[in-house]
*Asks:* 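One structure, pasted below without further comment.
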Protein chains: 2
Amino acid sequence: MKISTKGRYALRVMIDLAIHDTGEYVALKDISARQGITVKYLEQIVTTLGKAGLLRSMRGNNGGHRLAKKPEEYRIGDILRTMEGDLAPVECLQGDENLCPKAEECSTLKFWKGLDDVVNEYVDKFTLRDLVTETEKNFGNDYSI
Amino acid sequence: MKISTKGRYALRVMIDLAIHDTGEYVALKDISARQGITVKYLEQIVTTLGKAGLLRSMRGNNGGHRLAKKPEEYRIGDILRTMEGDLAPVECLQGDENLCPKAEECSTLKFWKGLDDVVNEYVDKFTLRDLVTETEKNFGNDYSI
DNA sequence: CTGTATTCATACTATAATACTATGAATTAA
DNA sequence: TTAATTCATAGTATTATAGTATGAATACAG
């Protein structure tokens, strides 16, 4: 029942961008230094986030990335689902094409669906703002990680 | 965020054993025929369940397995945690030895802990009896799968 | 006491997913 | 024109998953 590193790192990237939002673009090099994640791996993550419209990017010198919206407008669930595809605990819940032919009579499907629901409800209950607030509470103005 | 086949199959094994509970031991061969899981793979699953005290087993001719308790005395969470180890969404929640040194200042840890909590609360809200009842509702007396 | 059916124990293996790394092109600003 | 960046794609090493294989131990039936 693990979240992949991409999902976890994406959350840290988004928090980092929110905290270091000066209106300028933030280079991956800087995020890398603060978060201890290689630039190359970050590239994969921000590409996915960018294609999903969660980030704005700028190439070239002084280029980088910044949030496309205000922190309170991102549900954590949207960030995680963007990276993970979905959060379904079993394959047969991943879209109708994976729904197995025995679905009608499957006694555990309802149970798994319920689990999927509580997970999604939870991650959608929080916004990026909530995690940023929590981070600033922990670090005060000295935040550098 | 997937549950492994062992976790999913274990649930089906337990439901199968509950439904076919005549007081006798049920051979893996029979469960295999009904569930479409090889005897060899079932052996691994029931061994884990047995060591955790969820099943009683008997070797030799006419041997097999049966539930150690009444269906209503098994929380689904106990069955799943037995097979999966735990249901933690991130490694740092898997026991104190994995708690990372930055835990104190980690702003996402609380979020992940909350997710872990809602998952465990959900799976502990149901008992094996609930899934058996659901299965019998779907199949009536013709249950053979 | 022998044969057969079963669990129990352990080791092995194939496939897939994860977690990266590598190479180089395209773009932008100074 | 140069340097710094993102963008695109491919490659790889490690780990986890999902099984299979071999054979010993046990129990009952005859």
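So you know, we letter chains A, B, ... as the sequences are listed, proteins then strands, and number each from 1. Just so we're clear, the structure is a prediction, and the values are computed from it rather than from any experiment.
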*Asks:* Do A/K113 side-chain atoms and A/L93 backbone N/O form a donor-acceptor pair below 3.5 Å?
*Replies:* no
*Asks:* In whole angstrom, give the distance that lies between atom CD of A/E24 and atom C1' of D/dA4.
*Replies:* 15 Å
*Asks:* Quick one: A/I37 CD1 to C/dA19 P, roughly how many Å, whole number?
*Replies:*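 Those two atoms, CD1 and P, are 12 Å apart.
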*Asks:* Assign each of B/E91 and B/E43 to its nearest nucleotide of DNA chain D by heavy atoms, then name whichever residue's nucleotide is nearer the 5' end.
*Replies:*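 Comparing both residues, the 5'-ward one is B/E91.
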*Asks:* When all nucleic acid strands are considered with a 4.0 Å heavy-atom cut-off, which category describes B/G50: base, sugar-phosphate, or nothing?
*Replies:* nothing
*Asks:* Test: side chain to side chain donor-acceptor pair (under 3.5 Å). Region: residues 48-63 of chain B. Which pairs qualify, not counting sequence neighbours?
*Replies:* B/S57-B/H65
*Asks:* Is it the case that atom CD in A/Q94 sees more than 12 heavy atoms from other parts of the structure closer than 6.0 Å?
*Replies:* yes
*Asks:* Of the candidate nucleotides C/dC8, D/dG19, C/dC20, which contains the atom at the shortest distance from the side chain of B/S57?
*Replies:*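 Per side-chain heavy atoms of B/S57, the pick is C/dC8.
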*Asks:* Could you list the protein-to-nucleotides 26-30 of chain D atom pairs, N/O on both sides, closer than 3.5 Å?
*Replies:*
{"from": "D/dT26", "atom 1": "O4'", "to": "B/R59", "atom 2": "NH1", "distance (Å)": "3.0"}
{"from": "D/dT26", "atom 1": "O2", "to": "B/G60", "atom 2": "N", "distance (Å)": "3.3"}
{"from": "D/dA27", "atom 1": "N3", "to": "B/N61", "atom 2": "N", "distance (Å)": "3.3"}

*Asks:* Nearest whole angstrom, please: distance from the C1' of D/dT6 to the CG of A/D30.
*Replies:*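 One finds 14 Å between C1' of D/dT6 and CG of A/D30, rounded.
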*Asks:* Report the distance from atom CZ of A/R56 to atom P of D/dT6, rounded to the nearest whole Å.
*Replies:*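 About 17 Å, once rounded to whole Å.
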*Asks:* Can you see whether A/E73 engages A/T127 through a side-chain donor-acceptor pair at a distance of less than 3.5 angstrom?
*Replies:*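 A/E73 vs A/T127: no donor-acceptor pair found between side chains.
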*Asks:* Between B/T47 and C/dT7, does any side-chain N or O lie under 4.0 Å from OP1 or OP2?
*Replies:* no
*Asks:* Under 4.0 Å between a side-chain N or O of B/K6 and OP1 or OP2 of D/dA18?
*Replies:* no
*Asks:* Is it the case that C/dG24 (base atoms only) and A/K40 (side chain only) share a donor and an acceptor within less than 3.5 Å, ignoring hydrogens and angles?
*Replies:* yes
*Asks:* One thing to verify: whether B/R81 and B/D86 come together as a salt bridge, which I'm taking to mean a side-chain N less than 4.0 angstrom from a carboxylate O.
*Replies:*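 Result for this pair is no, no salt bridge flagged.
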*Asks:* Considering only D/dT6, C/dT7, C/dA19, which nucleotide approaches the side chain of A/Y41 most closely?
*Replies:*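 It is C/dA19.
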*Asks:* Specify the separation, in whole Å, of atom CE of B/M1 and atom P of C/dA17.
*Replies:*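 Rounding to the nearest Å, CE of B/M1 and P of C/dA17 are 18 Å apart.
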*Asks:* Among C/dA19, C/dT6, C/dC20, which nucleotide has an atom closest to any side-chain atom of A/S4?
*Replies:* C/dA19
*Asks:* In whole angstroms, how far is the C1' atom of D/dT6 from the NZ atom of A/K29?
*Replies:* 13 Å
*Asks:* Do A/E24 and A/R66 meet the salt-bridge criterion of a basic N to acidic O distance under 4.0 Å?
*Replies:* no
*Asks:* B/L49 CG to C/dT7 C1': how many Å, rounded?
*Replies:* 14 Å
*Asks:* In whole angstrom, what separates B/I45's CD1 from D/dT17's P?
*Replies:* 14 Å
*Asks:* My understanding is that only one of A/I76, A/L131, A/L55 makes a side-chain contact (heavy atoms from CB on, under 4.5 Å) with A/M14; could you say which?
*Replies:*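 For A/M14, the side-chain contact (heavy atoms from CB on, under 4.5 Å) check succeeds only for A/L55.
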*Asks:* With the side chain of A/Y9 defined as its heavy atoms from C-beta on, choose the nearest nucleotide among D/dT6, D/dG19, C/dC20.
*Replies:* C/dC20
*Asks:* Using the side-chain heavy atoms of A/Q44, tell me which of these nucleotides is nearest: D/dA10, D/dT20, D/dA8.
*Replies:*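 The answer is D/dA10, which lies nearest to the side chain.
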*Asks:* For the aromatic rings, using the six-membered ring if either is Trp, is the centroid distance between B/Y74 and B/F126 under 6.0 Å?
*Replies:* no
*Asks:* B/A27 has a side chain; which of C/dT7, D/dC7, D/dG19 sits nearest to it?
*Replies:* C/dT7
